[in-house]
Amino acid sequence: MSVKQSRLCAVPAREFLLILLIVIIIFNVFVGVSRVDGSSMEPTLQHGEIVFFNRMGADYQKGDIVFARMPSGEYYVKRIIAVEGDEVDLVDGMLYINGVAETGAYMQGTTLPQEGIVTYPYTVEEGMYFVVGDNREVSMDSRSFGALVESSIKGKLLLFQL
């Protein structure tokens with residue numbers, strides 16, 4: 001009887017390990033998980049929220065929220081507001097993309113220049129993305145370090161978060 005019991009227990013263990021392996025592969029190849037740290041993406045995302053991002057999507061567009069490695073080496077969640085060829089300008093607390101003032105319910109605060117390497121107007125180079133936080137007054141973003149190269153973007157946020 002004990003032989004049958006050990007076989008019955010071994011099958012669920014194998015299934016568990018297979019499921020665990022599949023989950024690990026999914027989260028290392030297809031989907032990433034991150035925690036929002038700070039208030040730079042408010043009101044869209046709140047401090048402490050858990051977000052999921054698609055690691056496979058390389059078709060990044062204006063308005064996408066992405067998980068990216070900043071030049072400092074840290075990882076942050078930011079919004080793409082300009083892509084290659086776009087001209088970004090800051091005038092009196094307003095951000096302009098190709099001469100059109102940026103508008104959106106997601107924006108909070110005024111968009112002022114930051115100390116760093118960026119001078120305005122700024123033209124986004126090929127293969128680069130200009131990213132900012134939705135809470136413009138507290139976000140450290142492309143306004144100080146410039147546009148991000150595509151390879152520093154690790155994925156696009158999925159529509160749900162915890």
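Note that the coordinates shown come from a computational prediction; the quantities given were computed from them, not determined experimentally.
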Is there a side-chain contact between Tyr120 and Arg143 in this structure, where contact means two heavy atoms from C-beta onward sitting under 4.5 Å apart?
yes
Between Glu137 (side chain only) and Thr110 (backbone N and O only), is there a donor and an acceptor less than 3.5 Å apart?
yes
Rounded to the nearest 0.5 Å, how far apart are CG of Asp64 and CD1 of Ile153?
8.5 Å
Residue pairs meeting ring-ring contact (aromatic ring centres under 6.0 Å, His included), one or both in residues 66-90, sequence neighbours left out, come to Phe53-Phe67, Phe67-Tyr75
Minimum heavy-atom separation for Arg79 and Thr44, please, with both atom names.
NH2-OG1, 3.4 Å
Which heavy-atom pair separates Leu148 from Ala68 by the least distance, and what is that distance?
CD1-CB, 3.8 Å
Quick one: do Val83 and Val124 satisfy side-chain contact (heavy atoms from CB on, under 4.5 Å)? Show the steps, please.
CA-CA 6 Å; Val83 298; Val124 181; 5.7 Å; no
Gln114 (side chain) donor-acceptor with Ser139 (main chain) under 3.5 angstrom
yes
Any Lys62 side-chain heavy atom under 4.5 Å of Asp86 side chain
yes
Which heavy atom of Phe145 sits nearest a heavy atom of Ile117, and at what distance?
O-CD1, 3.3 Å
Distance check, rounded to the nearest 0.5 Å: Gln108 atom CD versus Asn135 atom CG?
4.0 Å
If the threshold is 4.0 Å, N to carboxylate O, is there a salt bridge linking Lys78 and Asp141?
no
Would you indicate whether the side-chain heavy atoms of Tyr96 and Val91 approach each other to under 4.5 Å?
yes
Does Arg136 pair with Glu102 as a salt bridge, N-O distance under 4.0 Å?
yes
Do the side chain of Glu84 and the main chain of Met128 share a donor and acceptor less than 3.5 angstrom apart?
no
Please check if the number of heavy atoms outside Glu126 that lie under 6.0 Å from its CD is greater than 12.
no
Ile65 side chain reached by Val77 side chain, heavy atoms, under 4.5 Å
yes
Within-4.5 Å side-chain heavy-atom neighbours: Val88 and Ile97
yes
Pick out which of Asp134, Val138, Leu45 makes a side chain to side chain contact (heavy atoms under 4.5 Å, CB included) with Ser39.
Val138
Would you find more than 12 non-hydrogen atoms of other residues, nucleotides or ligands less than 6.0 Å from Glu125 atom CD?
no
Considering all heavy atoms, the nearest Met41-Gly133 contact
SD-CA, 3.7 Å
List the steps, then state whether side-chain contact (heavy atoms from CB on, under 4.5 Å) holds for His47 with Arg35.
CA-CA 8 Å; His47 173 73; Arg35 183 177 159 272; 3.5 Å; yes
For a 4.5 angstrom cut-off between non-hydrogen side-chain atoms, does Val66 reach Lys154?
no
